[in-house]
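Convention: sequence-line order gives letters A, B, ...; per-chain numbering from 1. As a basis for the values below, the full set of heavy atoms in this structure was taken, side chains included, without hydrogen atoms, waters or symmetry mates. Not measured: the values here are computed from a predicted model.
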Amino acid sequence: MAHWLMKSEPEVYGIAHLDAEGTTLWDGIRNYQARNFMRSMVIGDRAFFYHSNATPPGIVGLMEVIETGLTDPSQFDSGSKYFDPKSSAAAPRWDCVRLRHLRTFGRLLSLEELREQFDPDTLPVVRRGNRLSILPVEEASALRIYALLGETP
DNA sequence: GCCAACGTTGGC
DNA sequence: GCCAACGTTGGC
């Protein structure tokens, strides 16, 4: 069981939305590196929900991967901002996973605090200028994140 | 294949 | 609003 970190802007889709819905399709990923991370996800993996473009930005909750290898439907939707004219049903470029809400943490673990605790080699999200919306989290780092939050893994 | 221009993400 | 980082695009 691996850990990941997945970013979303709270005003667009935050942990409260996921909590209300229970599960969600993590669609709209249009970066090959992030897509490839999603492709390596396995059912049962966990992902920290990270609020980006927030004040302050940080980790707010925990999700579980419940379905993998799904085709991202928004790539075919000409009305969507995620429409990709180079994509076809025969050769889709983008896929996604389904996630389930596991926990909303009692507090936000801010990027500032993460920067105090980790360097970019052990937790890439703290790297200045980092833009990747999906990142792997090493097991040791994941355990430390739980500990900092006073949560049980 | 190189590389400059451009676009996007996201912190501050 | 600015800027760092960096992926993508297109001319050559």
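- Of the residues in residues 26-35 of chain A, none lies under 4.0 Å from DNA chain B by heavy-atom distance.
- Across A:Trp26 and A:Leu99, no two heavy atoms sit closer than the pair CE3-CD1, 3.2 Å.
- Residues from residues 87-99 of chain A lying near DNA chain C, meaning a heavy-atom separation below 4.0 Å, are absent.
- When all heavy atoms of A:Asp45 and A:Trp4 are compared, the pair lying nearest together is OD2-NE1, 3.0 Å.
- For A:Arg93, the side-chain contact (heavy atoms from CB on, under 4.5 Å) partners are A:Tyr32, A:Gln75, A:Asp84, A:Lys86, A:Ser87, not counting sequence neighbours.
- The shortest side-chain heavy-atom distance between A:Val125 and A:Tyr50 falls under the 4.5 Å cut-off.
- Distance CZ/A:Arg98 to CE/A:Met41: 14.5 Å, rounded to 0.5 Å.
- Through direct or indirect side-chain contacts shorter than 4.5 Å among Ile, Leu, Val, Met, Phe, Trp and Tyr, A:Phe83 is connected to no other residue.
- Residues in residues 112-153 of chain A take part in these ring pair (Phe, Tyr, Trp, His ring centres under 6.0 Å) pairs, two or more places apart or across chains: A:His3-A:Tyr146, A:Phe48-A:Tyr146.
- Ring planes of A:Phe49 and A:His51: perpendicular class, angle over 60° (limits at 30 and 60°).
- Looking only at side-chain heavy atoms (C-beta outward), A:Ile145 and A:Leu123 come within less than 4.5 Å of each other.
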Q: Summarise protein proximity over nucleotides 4-12 of chain B in one line of letters, 5' to 3': B for base, S for sugar-phosphate only, - for none, counting protein heavy atoms closer than 4.0 Å.
A: ---BBBBBS

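- Shown here for A:Pro92 and A:Thr71, the closest heavy-atom pair between the two residues is CB-CG2, 3.9 Å.
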